[in-house]
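To start, the structure under review is shown below, and the notes come after it.
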Amino acid sequence: MTDPKETINIENVVASTGIGQELDLQSVAMDLEGADYDPEQFPGLVYRTQEPKSAALIFRSGKIVCTGAKSTDDVHESLRIVFDKLRDLDIQVEEDPEIVVQNIVTSADLGRQLNLNAIAIGLGLENIEYEPEQFPGLVYRLDEPEVVALLFGSGKLVITGGKRPKDAEEAVDKIVSRLEDLGLLE
Amino acid sequence: RLRKWQERIRTKDAGERNLQFALSEIDRMASALGVPRSVREVASVIYRRALKEDLIRGRSIEGVATSALYAACRKEGIPRSLEEISEVSRVERKEIGRTYRYISQELGLEMKPVDPKKYVPRFCSELKLSEEVQSKANEIIETTAEKGLLSGKSPTGYAAAAIYAASLLCNEKKTQREVADVAQVTEVTIRNRYQEQIEAMGIHG
DNA sequence: AAGTTACTTTTTAAAGC
DNA sequence: GCTTTAAAAAGTAACTT
């Protein structure tokens, strides 16, 4: 039997950083090829990196948000590319700006089908949200670690809201043990 | 001081008017849906609780009133789908769903997931199907749900597929389109649920 | 009927309305 | 509250072919 922990896969990492300098997004948009900038729609400029794949949102304040990376290493690599592109445009960028991981989205597989109706009752209707007319997943909010888990009938799940890869592992362990205690796994 | 007193009266009047508007809207929608008086009363109680707990701030009165009615229908065991509810409300389906989840959580309504069987009598009646078909549909729902087929599936689509299957088994066939129309789901959904259900029942149709 | 695209849920930062 | 970005899960829906 595969340990559900070993099925954990990081799907998306969101991080924030800043170059410590104000930017004229209009000119950055003109000089940076592939940049999408529509201030009427959104105040940030969108710049996509190909390898590793990610999308960076660059703001007038010089703050940057990076999304779509598959690991924390990829976040750093993507942002290094963004910093270099800005330097190519003669924009001063700090040596290495602090990068803060804000959210990690993970998927995992419990390896067996789940009876979501029974789980909703078992975990306590006051702690969960399960509205199959609106969304097929059961929403389970954990306190420790502070993450949100989406459980599906297939046994697959999504863990989001964590800041460290370890948060997802701890969450999966807790979910597995709670479901086992309730006799709702297998 | 006179001004402050007038302001209080004005505020009180405004609050009274808002409550009256919300309750009349619940009444109007309940009538349009044809639900019994007990449901309107439960909806009124939920709305007043939401008002007392200050859950309406930042939300529309109509949105909370509609959500209270949706919750009341479920609490009373005669659920209406969000699609049906949105047809008698000027609030869009997505907003009703969001507001419902919010007040449900905040008021601790502890709503159980909707049992698809609750839709069988009304849908079958609209389709003029016999008691026999209803029983068969209920049997299909119960048996297949026990096997875990219900997880994550919409209750209306699940009920629609079971009714379609039962109508075939009882020689009172209704087309997928006819059932889809009363349940307000697509034929594709009925087809998908139907296939899973007959397979789990060991039937070959 | 199959295939594609797209929307539902959750999370998170950013600046501005 | 909303706007934008990414990503997974599974269900439902609306298109086209």
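Chain identifiers are assigned alphabetically (A, B, ...) following the order of the sequence lines, protein sequences preceding nucleic acid strands; residue numbering begins at 1 within each chain. Note: hydrogens, waters and symmetry copies are ignored here, and every other heavy atom, side chains too, is used.
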Self-check item: Distance below 4.0 Å between A/S16 side-chain N/O and C/dA14 OP1 or OP2
Solution: no
Quiz item: With the threshold set at 4.0 Å, does a side-chain nitrogen-carboxylate oxygen contact exist between A/D167 and A/R164?
Solution: yes
Self-check item: 5′-ward residue of the pair A/V14/A/R60 relative to DNA chain C
Solution: A/V14
Exercise. Rounded off to whole Å, could you give me the CD-to-C1' distance for the A/E11 and C/dT12 pair?
Key: 16 Å
Self-check item: salt_bridge(A/R87, A/D84) N-O dist < 4.0 Å
Solution: yes
Quiz item: Would you say D/dG11 has OP1 or OP2 under 4.0 Å from some side-chain N or O of B/S154?
Solution: no
Exercise. Would you mind telling me which residue lines up with the more 5' stretch of DNA chain D, B/R98 or A/G153, judged by nearest nucleotide?
Key: B/R98
Quiz item: What is the distance, rounded to the nearest whole Å, between atom CD1 of A/I64 and atom P of C/dA15?
Solution: 11 Å
Quiz item: What integer distance in Å separates A/L57:CG from D/dA7:P?
Solution: 13 Å
Practice problem: Determine the Euclidean distance between corresponding C1' atoms of C/dA2 and D/dA8; express it in Å to zero decimal places. | Solution: 25 Å
Self-check item: Shortest side-chain distance from A/Q102, nucleotide among C/dA13, D/dT4, D/dA8
Solution: C/dA13
Quiz item: With a 4.0 Å cut-off on heavy atoms, is A/G161 in touch with a base, just the backbone sugar-phosphate, or nothing at all?
Solution: sugar-phosphate
Practice problem: Output yes when B/E41 and B/R37 qualify as a salt bridge under the 4.0 Å nitrogen-oxygen rule, no when they do not. | Solution: no
Exercise. Ignoring backbone atoms, establish whether A/S107 has a side-chain N or O less than 4.0 Å from OP1 or OP2 of D/dA9.
Key: no
Quiz item: With a 4.0 Å cut-off, would you call B/K136 and B/E172 a salt bridge?
Solution: no
Self-check item: Value in whole Å for how far the P atom of D/dA7 lies from CG of A/N103
Solution: 14 Å
Exercise. Would you indicate, yes or no, if D/dA13 has its OP1 or OP2 atom less than 4.0 angstrom from a side-chain nitrogen or oxygen of B/T189?
Key: yes
Quiz item: Should the pair A/E169-A/K5 be classified as a salt bridge under the 4.0 Å nitrogen-to-oxygen rule?
Solution: no
Self-check item: B/S86 (side chain) donor-acceptor with B/E83 (main chain) under 3.5 angstrom
Solution: yes
Exercise. Tell me, yes or no, whether the heavy-atom count around B/E199 atom CD, taken from other residues, nucleotides or ligands under 6.0 Å, exceeds 12.
Key: no
Quiz item: Within the structure, does a side-chain N or O atom of A/K63 lie under 4.0 Å from either OP1 or OP2 of C/dA13?
Solution: no
Exercise. Indicate, with a heavy-atom threshold strictly under 4.0 Å, whether A/S61 touches base, sugar-phosphate, or nothing.
Key: sugar-phosphate
Practice problem: Determine the interatomic distance between P on D/dC2 and the same-named atom on C/dT8; round to the nearest Å. | Solution: 12 Å
Quiz item: Base, sugar-phosphate, or nothing for B/V185, non-hydrogen atoms under 4.0 angstrom?
Solution: sugar-phosphate
Practice problem: Would you classify A/S54 as touching base, sugar-phosphate or nothing, given that sugar-phosphate means primed atoms plus P, OP1 and OP2, and contacts are heavy atoms under 4.0 Å? | Solution: nothing
Quiz item: With sequence neighbours left out, what residues match A/N9 under side-chain contact (heavy atoms from CB on, under 4.5 Å)?
Solution: A/E11, A/S107
Practice problem: Classify the side chain of A/T160 and the base of C/dT10 as holding, or not holding, a donor-acceptor pair under 3.5 Å. | Solution: no
Quiz item: Looking at A/R48, does any N or O in its side chain come under 4.0 Å of the phosphate oxygens OP1/OP2 on D/dA6?
Solution: yes
Quiz prompt | Toward the 5' end of DNA chain C, by each residue's nearest nucleotide, A/K163 or B/V188 | solution = B/V188
Quiz item: Can you check whether B/L127's main-chain N or O pairs, donor with acceptor, with B/K174's side chain at less than 3.5 Å?
Solution: yes
Quiz item: Closer than 4.0 Å, any side-chain N/O of B/R101 to the OP1 or OP2 of C/dT9?
Solution: yes
Quiz item: Which whole-number value in Å describes the distance from B/K94 NZ to D/dA13 C1'?
Solution: 15 Å
Exercise. Ignoring backbone atoms, establish whether A/K53 has a side-chain N or O less than 4.0 Å from OP1 or OP2 of D/dA7.
Key: yes
Self-check item: Residues from residues 118-148 of chain A lying under 4.0 Å of DNA chain D - heavy atoms
Solution: A/F135, A/P136
Practice problem: Using whole Å, report how far CG of A/L151 lies from C1' of C/dT10. | Solution: 12 Å
Quiz item: Taking CG from A/N12 and C1' from C/dT11, how many angstroms apart are they, rounded to a whole number?
Solution: 9 Å
Self-check item: Under-4.0 Å side-chain N/O to phosphate OP1/OP2 contact, B/R193 with D/dT12
Solution: yes
Exercise. Mind calculating the distance between CZ (A/F152) and C1' (D/dA8) to the nearest angstrom?
Key: 8 Å
